[in-house]
Amino acid sequence: MKKKLFAVILIIMLLCVTLLSGCASFDRSAYVQAALDSLYKGEHTLFSEITKTDVSVLEQNYEEAIDAEMESFLTYMGIADYASYISEETRSDIRLLIRDVYSHASYSVGSEDENGTVTVRILPIDLYSATNSALTAYMDDFFEKNDAHEFSELTDEEFYTQYITGIVDILRKSLDDITYTSEVSIPVDIEVTDHNVYSISQQSLDDIDSHIINYNF
């Protein structure tokens, strides 16, 4: 499954930097590194300095990206249509899980080539493949109990909250021994206007985001 592109990624990454008059060069590698660290690690200081953007703005966008990923997570788990039944406490647990997953994001940024392209090497987080057996067993057991009417006394909120909580618990336990799939190299195009305004291309953002976590197994 291909994760949806967070709209907020464009908000963050298209915050462009304008070179000051007389500045000889722009470090594209440092720009990409800082952008990824802001988006996936929640480390905003350097990106704030480069883009002249207040850290509070970047932190807000980071949190919105976490919320967007939570919606993708619920979609991936097949209960997006019932998300309104999930308690806010459980949503907070999911947000925290996603933050912790993102903290394991593994990428390295190379130097720009003669065309100004920067190569990002990503080790996709193998979270779902590594937990597939445990998740399948849990889901089968949960649905068997549901078929046997063991949850008949639960409200809709209690039912869906209990279901997704079990999934979150399985995924969280796997973080201590997190694994990665094979390295993927992604050429990142840096777009620049006639006025020396730089930004990462949307296609490059798509490519990076689709490989940070492995959704295909």
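Values reported hereafter were calculated over all heavy atoms of this structure, with side chains retained and with hydrogens, waters and symmetry mates removed. Position 1 is the first residue of the sequence, and the numbers go up from there.
In Tyr180, the OH atom is crowded: over 12 heavy atoms of neighbouring residues, nucleotides or ligands sit closer than 6.0 Å.
No side-chain donor-acceptor contact under 3.5 Å links Thr90 to the backbone of Thr161. In terms of modelled atom types and a separation under 3.5 Å, the side chain of Ser204 and the main chain of Asp189 share a donor-acceptor contact. With hydrogens and angles disregarded, a donor-acceptor distance shorter than 3.5 Å links the side chain of Thr75 to the backbone of Glu71.
When side chains are defined from C-beta on, Arg172 counts as touching Leu96, because their heavy atoms get closer than 4.5 Å. Contact check for Phe73 versus Ile167: side-chain heavy atoms found under the 4.5 Å cut-off. Taking 4.5 Å as the limit, some side-chain heavy atom of Ile190 sits within range of a side-chain heavy atom of Ile200. With a 4.5 Å cut-off on side-chain heavy atoms, Phe47 and Leu36 do not count as touching. At a threshold of 4.5 Å between non-hydrogen side-chain atoms, the residues Ile208 and Ile212 count as touching. Using a 4.5 Å cut-off on side-chain heavy atoms (C-beta onward), Ile86 and Ile79 make contact. Using a 4.5 Å cut-off on side-chain heavy atoms (C-beta onward), Glu63 and Arg99 make contact.
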For this session: Would you sort out whether Asp209 and Tyr40 count as a side chain to side chain contact (heavy atoms under 4.5 Å, CB included), showing the intermediate values?
Result: CA-CA 10 Å; Asp209 191 59; Tyr40 295 110; 2.8 Å; yes
Exercise. Could you go step by step and tell me if Tyr163 and Phe151 meet the ring-ring contact (aromatic ring centres under 6.0 Å, His included) rule?
Worked result: CA-CA 11 Å; Tyr163 174 68; Phe151 304 128; 9.3 Å; no
For this session: Before giving the answer on side chain to side chain contact (heavy atoms under 4.5 Å, CB included), spell out for Tyr82 and Phe159 the whole-Å C-alpha distance, their side-chain angles and the decisive distance to 0.1 Å.
Result: CA-CA 10 Å; Tyr82 310 100; Phe159 176 81; over 6 Å; no
Exercise. Given Leu46 and Asp37, is the side chain to side chain contact (heavy atoms under 4.5 Å, CB included) satisfied, shown in steps?
Worked result: CA-CA 9 Å; Leu46 183 55; Asp37 289 346; over 6 Å; no
For this session: Assess whether side chain to side chain contact (heavy atoms under 4.5 Å, CB included) is satisfied between Leu135 and Met77, documenting all intermediate values.
Result: CA-CA 10 Å; Leu135 288 174; Met77 292 302 165; 4.3 Å; yes
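Connection of Val55 to Tyr102 is not established within any shared hydrophobic cluster, with ILVMFWY side chains joined at heavy-atom distances below 4.5 Å, either directly or through further cluster members. Cluster annotation: Leu123 is connected to Leu175 through the hydrophobic network of ILVMFWY side chains, with a link wherever side-chain heavy atoms come within less than 4.5 Å.
The aromatic rings of Tyr85 and Tyr160 sit parallel to each other, their planes meeting at less than 30°, with 60° as the upper class boundary. Between Phe142 and Tyr138, the ring planes are tilted. Angles from 30° to 60° get that label.
Atom-to-atom distance recorded for His44:NE2 and Thr51:OG1 is 11.0 Å, nearest 0.5 angstrom. Note: Ser174 OG to Asp169 CG = 11.0 Å, rounded to the nearest 0.5 Å. To the nearest 0.5 Å, atom CD of residue Glu89 and atom OG1 of residue Thr165 are 8.0 Å apart. Taking OG from Ser29 and CD from Glu112, the interatomic distance works out to 6.0 Å, rounded to the nearest 0.5 Å. For the atom pair CD (Glu59) and OH (Tyr62), the distance works out to 7.0 Å, reported to the nearest 0.5 Å. Rounded to the nearest 0.5 angstrom, Ile98 CD1 and Asp93 CG are separated by 11.0 Å.
Nearest heavy atom pair, residue Ala30 against residue Ile50, reads O-CD1, 3.9 Å. Closest approach of Pro124 to Ser182, counting heavy atoms only: CD-O, 3.3 Å. The shortest non-hydrogen separation linking Leu39 to Ala65 is CD1-CB, 4.3 Å.
Taking 4.0 Å as the cut-off between side-chain N and carboxylate O, Lys145 and Asp141 count as a salt-bridged pair. At a threshold of 4.0 Å, the pair Arg95-Glu88 counts as salt-bridged, since one of the basic side-chain nitrogens sits closer than that to a carboxylate oxygen.
Results of the side chain to side chain contact (heavy atoms under 4.5 Å, CB included) test with Glu69 over Ile94, Leu74, Leu97, Ile213 single out Ile213 as the only residue that passes. Each of Arg121, Glu183, His211, Lys41 was checked for a side chain to side chain contact (heavy atoms under 4.5 Å, CB included) with Tyr107, and the lone residue meeting it is Lys41.
Side-chain contact, Gln60 with Glu64: a donor N or O sits under 3.5 Å from an acceptor N or O. A donor atom on one side chain and an acceptor atom on the other are not found under 3.5 Å apart for Thr117 and Asn115.
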